[in-house]
Amino acid sequence: MLESGTVDAQESVKQFLNGHFATLESLELVNELLRDEEETNALLEEELKAAQKTTQALHQEASVIAENVRAESLRLIDIHSKIVGASADDDVSAWQFREGTRIMDLMATLAAELQGYERLKRSKEYIDIVVDVEQTADQAKKDLALNKQSVLAACTHAFEILKTRGTQDLKERSSTARQPESHLGKYIRQSVQQIWEHVETAAGDALNKSLVKLGWPAKLNMSSTSAVVDFDAQFSTLMSLDHMLRGAEETLDRCRIDLQRGRASPLPLEYMARAVDIRMRYHFETARETNRADKPEWWLSQVLTTLQNIVTFLEAHVQWLYDGTASKHLDVRNEFIQLLLPIIRRKLAHDRSEYLRTGVIIPNVVRELAYFDHTLQQVYFFEGGSMLSEFLADGAVFDAWVEAERSAAISSYMNTVAEPGAFDPVYEGDGLDPDDPRPTLVSEKVVLLVEDIAERYAMVPSRMLQLQLLSTTQFPIVIALVEDVEAEIDEFSRVSLAFIRNTAGIPSVGAAGVTSTTATMAKTASAQSTFVSQLGRLISWYQTVWHVEESAREWNNSTVYVDMWAAVCKRAQAIGKGTDPRDWRENCDCWSIQDRRLLDDETESAADVISSHDDEDWLDGGIWERSTKTLGDLKQRILELVCRAINKETIDQMRSYRKKNNWETDGSFEDNRVSAELSNVLPELSLSLSSLSNTLPYAAFVRITRALGNELDTFLVERVACAHRFSIHSGRQFCRDIDALSRVLLSSAARTAFKTAARHPLPKARECGEILSCVVDSTASPPTSASAGISLSLEEWGPAVMDVAADDQETALVLNKLGIKHLSVKQVRRLVGNRLDYAQSTTPLSE
């Protein structure tokens with residue numbers, strides 16, 4: 001056998017050598033091949049040593065495992081003996097461990113027995129926990145007054161059970177997807193909730209009884225020492241429960257248990273507030289007469305009265321109870337007020353449907369809530385939110401308020417303007433200053449409506465809401481007034497002004513000086529009455545618009561409107577350059593949240609916002625600026641109609657004077673009386689001007705009288721002086737007529753438009769009178785009229801003026817030296833040519 005093996009090895013070597021070293025050259029590689037083989041052999045030896053070490057370590061580990069298995073088996077044998085009741089020391093020898101399958105069979109048997117044991121063990125733990133929970137619950141149900149510490153200990157133990165077992169159940173559920181909640185975990189959480197609710201209710205009831213002894217929540221009776229001691233004890237119990245509850249917040253959050261039920265305030269204060277809540281519910285949320293949505297002052301004043309009764313007790317006694325605890329930083333007064341606010345919110349929600357149905361009661365609610373907020377902040381230094389802001393944050397309620405204000409204001413205005421005397425002045429008498437507007441019934445109504453609405457929303461804390469109320473409720477009233485007055489003016493311009501006076505049927509005084517008949521006088525009086533009536537209509541419209549305009553100017557300076565103007569200026573400044581704050585109404589119905597932030601921002605004062613801008617119009621402007629401009633334009637339009645009316649009336653009355661045709665033949669010119677055709681005009685003109693002087697401001701009266709003077713001046717020159725032939729006597733009569741008209745225009749000396757001597761009411765007509773009354777030659781008697789101011793005779797200056805070949809500028813210089821400064825050269829030539837007693841080669845000018 002040995003020999004054959006050797007032969008085989010040699011044969012293998014021979015074959016290897018023949019296969020790898022077939023040539024002589026290949027023998028040179030033997031040394032290199034041997035080195036490779038040696039290296040391979042060394043590596044194999046190292047791997048063998050490492051394998052041996054690993055095998056040795058595995059053997060040791062297997063020994064340890066076997067020993068552990070043996071110990072565990074012995075433990076299982078002991079457990080098995082307890083289970084089956086056959087645990088005898090002499091039987092242990094039967095459990096001999098040997099290598100082989102017997103151990104595996106034993107392990108399988110013991111594993112099956114172990115599963116049953118584990119189930120029994122879990123059952124025992126389950127029962128132990130249930131028993132512990134039930135015992136804790138029984139302990140918590142003891143009389144709190146007699147077993148305070150035991151009950152509090154039961155609550156503490158209940159939270160400990162929840163922390164150890166309840167959170168463990170949640171961990172197991174979170175580790176296994178979609179695993180349902182275990183019955184034990186659910187039972188623990190429900191039991192803890194029941195324990196807490198029972199203890200909290202008992203402690204709360206005890207505190208309520210102690211509060212009743214003190215007279216809470218009315219005026220408290222602190223004279224009973226036992227009642228105060230009892231309150232302190234019950235309050236301390238709830239303080240302990242509150243401290244316990246807050247200490248278990250993390251556990252309760254993990255177990256998803258809400259024992260606070262959304263409450264954030266201290267537990268004792270909540271139970272003290274419940275007594276107030278119950279009283280408020282009874283009186284103001286049941287079918288009692290005190291439950292009225294239109295009387296918010298009833299229940300809000302009740303809350304404030306209650307707070308006034310108890311605030312001293314809260315600040316002095318209850319705060320002292322907290323000062324010795326970990327909650328000494330707590331502001332009891334502020335916290336208790338926070339607990340009263342849900343009562344307000346619930347009552348507002350209770351009455352909300354009535355607010356939406358009857359929006360007119362909302363302003364009263366707003367006013368009372370504003371007073372309530374002010375009292376809390378200024379009297380009790382409350383640092384919480386505003387109930388008024390919360391109330392107005394309800395868009396439906398705010399819209400109902402706006403619509404109610406708008407409807408009521410427009411309805412009131414329409415009723416006033418529909419009355420027969422809507423534009424009649426409110427105050428009569430001569431003691432009123434003409435430079436102050438005289439309110440009419442409708443203008444006073446407009447002003448009162450606007451100011452009443454502003455007073456109702458002045459306490460609204462949001463500038464955006466104020467602007468929306470202004471745009472929706474106040475501006476429409478002024479717009480309605482403007483539209484109504486414009487409609488009246490249009491109708492007056494279309495009809496009344498065209499037929500303001502019809503004197504065609506009134507016969508004029510003839511050349512023989514026949515006096516007016518009774519019928520003529522009646523017609524004249526009737527015509528004058530019609531004119532005065534129409535003029536009064538214009539003045540009443542003027543006073544109406546003027547009164548509202550002046551009121552709007554005053555509104556621009558009031559605090560509420562200044563703040564609103566600052567808000568729209570701030571918004572315009574934020575939007576970008578070129579934005580006009582006066583355009584704020586264009587998109588106020590679709591303002592965004594960003595717009596509200598800009599408008600309600602109060603970091604800067606109104607003066608700083610307005611003055612910081614480069615545009616001076618912002619500083620001079622106001623929220624009512626465009627309204628005042630509209631009213632001012634309307635006022636000027638009315639004034640123009642007054643001017644047209646009095647001018648037309650006066651010129652119509654001067655018709656007979658214009659048609660007078662006896663200037664050449666009438667021989668009664670030496671009297672100091674005015675012409676008969678003018679004698680009826682002067683009293684009526686004086687009456688009209690006196691009426692205007694007493695009812696119009698100075699600037700308006702100046703404008704009217706100057707316009708009338710210009711109209712009369714042109715009329716007298718073109719239609720009388722230049723249209724008729726005059727002698728020196730009729731010229732002097734014309735001067736007397738001009739003086740009489742001038743005295744009428746100058747009759748109201750204190751308010752005349754021609755107060756200075758340099759300003760004559762009829763400058764051209766006066767110069768016409770001077771020319772027409774000028775003596776022909778120097779030998780004639782001088783004129784007696786003060787109006788005749790030309791000292792030279794016509795023969796001395798007439799040829800130079802009447803020379804048509806002369807330069808007009810030189811002729812004007814001659815006239816200027818004569819005192820003729822307002823008439824043109826052409827007019828002077830016509831007047832000189834109309835002198836009957838001045839022989840001139842030129843042909844007199846005719847009508």
Side-chain angles (χ1 to χ4, degrees), residues 508-514 654-679 712-741 762-806 811 814-815 818-820 822-847:
S508 59
V509 178
V514 180
M654 296 284 289
R655 185 184 307 167
S656 60
Y657 187 76
R658 176 179 64 83
K659 292 182 178 181
K660 180 179 178 179
N661 54 11
N662 61 346
W663 290 105
E664 303 177 11
T665 60
D666 193 353
S668 61
F669 296 117
E670 293 303 326
D671 298 337
N672 290 325
R673 295 176 299 176
V674 298
S675 299
E677 293 81 359
L678 191 63
S679 60
L712 281 174
D713 205 23
T714 303
F715 172 81
L716 292 170
V717 173
E718 298 295 335
R719 307 302 298 274
V720 179
C722 292
H724 295 279
R725 306 292 296 276
F726 289 85
S727 66
I728 187 171
H729 300 291
S730 59
R732 292 173 181 175
Q733 180 65 47
F734 182 78
C735 285
R736 285 193 292 271
D737 293 344
I738 298 303
D739 289 342
L741 281 172
L762 304 171
K764 293 181 181 180
R766 180 182 64 84
E767 292 178 358
C768 288
E770 292 176 355
I771 293 173
L772 294 176
S773 62
C774 181
V775 296
V776 176
D777 54 59
S778 57
T779 60
S781 60
T784 58
S785 173
S787 299
I790 300 178
S791 58
L792 299 178
S793 64
L794 277 174
E795 290 181 349
E796 293 176 311
W797 59 270
V801 172
M802 297 301 289
D803 185 5
V804 294
T811 304
V814 173
L815 294 175
L818 294 173
I820 309 300
H822 298 89
L823 293 174
S824 66
V825 175
K826 182 178 179 180
Q827 289 173 330
V828 173
R829 286 173 178 169
R830 291 178 64 185
L831 292 170
V832 174
N834 284 349
R835 284 291 299 270
L836 295 172
D837 48 0
Y838 177 66
Q840 183 65 26
S841 60
T842 58
T843 304
L845 298 176
S846 61
E847 183 180 359

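From a predicted model like this one, the values you see are computed outputs, not experimental measurements. The figures here come from the full heavy-atom set of this structure, side chains too, leaving out hydrogens, waters and symmetry mates.
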**OP:** Measure the spacing between CZ of Arg766 and SG of Cys768 and express it to the nearest 0.5 Å.
**Re:** 10.5 Å
Original post:
Under 4.5 Å between any side-chain heavy atoms of Trp797 and Val832, yes or no?
Top reply: yes
**OP:** Please identify each residue that fulfils side-chain contact (heavy atoms from CB on, under 4.5 Å) with Ser824, with sequence neighbours left out.
**Re:** Lys826, Gln827
Original post:
Of all heavy-atom pairs between Ser727 and Ser730, which one has the smallest distance, and what is that distance?
Top reply: N-OG, 2.7 Å
Original post:
Can you tell me if Asp713 uses its side chain to pair, donor with acceptor, with the backbone of Ala765 under 3.5 Å?
Top reply: yes
Subject >> CG-CZ distance between Leu741 and Phe715, expressed to the nearest 0.5 angstrom >> reply: 10.0 Å
Subject >> Interatomic distance, Thr811 atom OG1 to Arg829 atom CZ [nearest 0.5 angstrom] >> reply: 5.0 Å
Original post:
About how many Å separate OG of Ser773 and CZ of Arg835, when rounded to the nearest 0.5 Å?
Top reply: 7.5 Å
Original post:
Phe734 vs Phe726 aromatic rings, parallel, tilted or perpendicular, using cut-offs 30° and 60°?
Top reply: perpendicular
Original post:
Minimum heavy-atom separation for Ala723 to Asn834, with atom names?
Top reply: N-ND2, 4.3 Å
Subject >> Shortest non-hydrogen contact from Leu794 toward Cys774 >> reply: N-SG, 3.9 Å
**OP:** For side chain to side chain contact (heavy atoms under 4.5 Å, CB included), just list the numbers for Leu678 and Met654, CA-CA rounded to whole Å, side-chain angles, deciding distance to a tenth of an Å, and then say yes or no.
**Re:** CA-CA 7 Å; Leu678 191 63; Met654 296 284 289; 3.4 Å; yes
**OP:** Report yes if some heavy atom in the side chain of Arg830 is under 4.5 Å from a heavy atom in the side chain of Glu718; otherwise report no.
**Re:** yes
Original post:
Which atom names give the shortest non-hydrogen contact between Lys660 and His724, and what distance separates them?
Top reply: O-CE1, 3.1 Å
Original post:
Do side-chain atoms of Gln733 reach the backbone of Arg673 as a donor and acceptor pair under 3.5 angstrom?
Top reply: yes
Original post:
For the atom pair CD1 (Ile771) and CG (Leu823), what is the distance rounded to the nearest 0.5 Å?
Top reply: 5.5 Å
Original post:
How far apart are the C-alpha atoms of Val776 and Ser793, what are their side-chain angles, what is the distance that settles it, and do they pass the side chain to side chain contact (heavy atoms under 4.5 Å, CB included) test?
Top reply: CA-CA 5 Å; Val776 176; Ser793 64; over 6 Å; no
Original post:
What's the spacing between Leu836 CG and Arg725 CZ if we round to 0.5 Å?
Top reply: 4.5 Å
Original post:
Closest approach of Ile790 and Ile820, non-hydrogen atoms and distance?
Top reply: CD1-CD1, 4.0 Å
Original post:
Who passes side-chain contact (heavy atoms from CB on, under 4.5 Å) against Ala800, sequence neighbours left out?
Top reply: none
